[in-house]
Amino acid sequence: MKACFVTTGATAPFTGLIESILNPSILDALHEHGCTHLLIQYGTAKDVFQTASDAARAHLQSRSLQQALVIDGIDFNPAGLQEQFRLVQQTSGLVISHAGSGSILEALRFQIPLIVVPNTALLDNHQEELAVAMERSNYLIRGDVNNLGPAIEKSEGFRVKMSQFPPLTSGKHRETKSFAAIMDETLGFLD
Amino acid sequence: MAPPPSALYTTTFFLAFLLTLFVAASLRLLAILPHGPFRPTPIRRRPIATRVLIVLGSGGHTHEMFYLLRDLDTRKYTHRTYVVSSGDAFSASRAVEFEGVLEARAREAEREKEERDLASTNPTIKTRRQRDNADDTITARPFCVGPDHYTITTLPRARAIHQSLLTTPFTCLLTLLSAFGPLLSSPSELSSPNHNQNPSTPAPSASPDPYDISTRTPPSLLLTNGPATSVILILASLILKFFDIRGCASQGLCKTIYVESFARVRKLSLSGRILVWCVDRFLVQWEELEGLGPGGRSEFWGVLV
């Protein structure tokens, strides 16, 4: 078993990502990379997921792969996505996420290959900036919503070379401090 | 003969009066606003009780705030006040959940300590207890967890989604007025920890209970990472400092720390651009944002979340 988990955001789900991941060519790519389960957190966009997943299942059926790649969807879980991330971690799977910082920060703590897909339709697009900066630091792979293929390709070898998050004191900056230490320092507490 | 007092009611007099008031207010503002980069506070003895006010806001901000607080030591920060906006049930439930984690961690530490005490011989315990008492190290202090040590306050929303710009100033004012509540004193009864449980704690009857005092004074520290409510809370804290209400300015209470969201890589958020002028410490999480603001005061100490 190898799980691929897709998360699209809670408040305003990234419907483009749902449609993109259920594209026939992407499904084939996932199958080629050994994915057996595709789990999509669709949030409030259940209708989009329903139509796209029906088409996707039809495609898999035509290639008689419906047993090899199982598609499932979940709503929004207010308790967080730890359970899903743990499943991916245990099955050496893959997470494909919208570029919300919450999902990114949560997923990275599981040390699993993460593809982040910025929503280019958003107006104030600092999502893209974050994804670029995080990719530069080798924490994740940035994916293009119009073509997820190359990112899925890259994810295979990424597991071994990805940087650890949160970073340990690195040689790059002269000094790092934890937030707890900064709080103590601000109040002048010693120890 | 002296002119009648009504002679003072002239335009010139009013202008002069306003000018004097303006100069005085500006000087006061200059005195309370921070200048340039943060300079370390003189090291002082840690008070027994310290209240910290934590501003939570919509999904992303709340998420990051609890990542920031993951190593919070409840022996130092004995009382926590969480401020949420009305209708934000998510943040409130995350606060309760986080306090649960703190409680579990404290129980685990207590259990480990007991095991260690049991493992060592009796005389050693005594001497260690005595030594701990003498220099009052952090390990001798009780963990301050449970419902007595935190409160969640709700403030009316500064601006509802799709609210018209015309009515926004009024709702902001309402938020500002209600912000003074949690700033002046702890919103509800936060009591002292059970002293019987920990014999190394000094008896509360000896002096006014420090735990009690900390709930009736402004918080020592105000933490925020940028929801709209936080701008109003910081403004309220500035007003308290301006008039030195309950020693906010003179006793160095209400120190403010702002942490820019991890999602901000190259540009500060709107809250950030406002608050960089008035918080005591302004922290950013990407190197590109270091040294921004007046006097280059934004600090970068690595990723904090």
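Residue numbers start from 1 in every chain, and the chains themselves are labelled A, B, ... in the order their sequence lines are given, proteins ahead of strands.
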Could you list the residues that satisfy salt bridge (Lys or Arg N to Asp or Glu O under 4.0 Å) with B:R105, not counting sequence neighbours? none
Any side-chain heavy-atom pair of A:F158 and A:L114 under 4.5 Å: no
Does B:E299 offer a backbone N or O that forms a donor-acceptor pair with the side chain of B:E290 under 3.5 Å? no
How would you list, by chain and number, every residue that makes a salt bridge (Lys or Arg N to Asp or Glu O under 4.0 Å) with A:R142, sequence neighbours excluded? A:E128, A:E135
Evaluation steps, ring pair (Phe, Tyr, Trp, His ring centres under 6.0 Å), between B:F262 and B:W286: CA-CA 7 Å; B:F262 177 70; B:W286 289 95; 5.4 Å; yes
By number, which residues in residues 217-229 of chain B have some heavy atom less than 4.5 Å away from chain A? B:S220, B:L221, B:L223
Hey, are the side chains of A:L187 and B:K255 touching, using non-hydrogen atoms and a 4.5 Å cut-off? yes
Determine, stepwise, if the pair B:E288 / B:R266 fulfils salt bridge (Lys or Arg N to Asp or Glu O under 4.0 Å). CA-CA 6 Å; B:E288 287 102 313; B:R266 282 195 301 212; over 6 Å; no
With the threshold set at 4.0 Å, does a side-chain nitrogen-carboxylate oxygen contact exist between B:R157 and B:D88? no
Cation-pi geometry met for B:R281 and B:F38 (6.0 Å, 45°): yes
Close approach to chain A in residues 65-73 of chain B, criterion heavy atom under 4.5 Å: B:Y67, B:L68, B:L69, B:R70, B:D71, B:L72
Answer yes or no: is there a donor N or O on one side and an acceptor on the other, between the side chain of B:R297 and the main chain of B:G36, under 3.5 Å? yes
Would you mind telling me which of B:L283, B:D280, B:T62 has the largest number of heavy-atom pairs within less than 4.5 Å of chain A? B:L283
Select, from A:A181, A:A133, A:S103, A:A180, the one with the greatest count of heavy-atom pairs under 4.5 Å involving chain B. A:A133
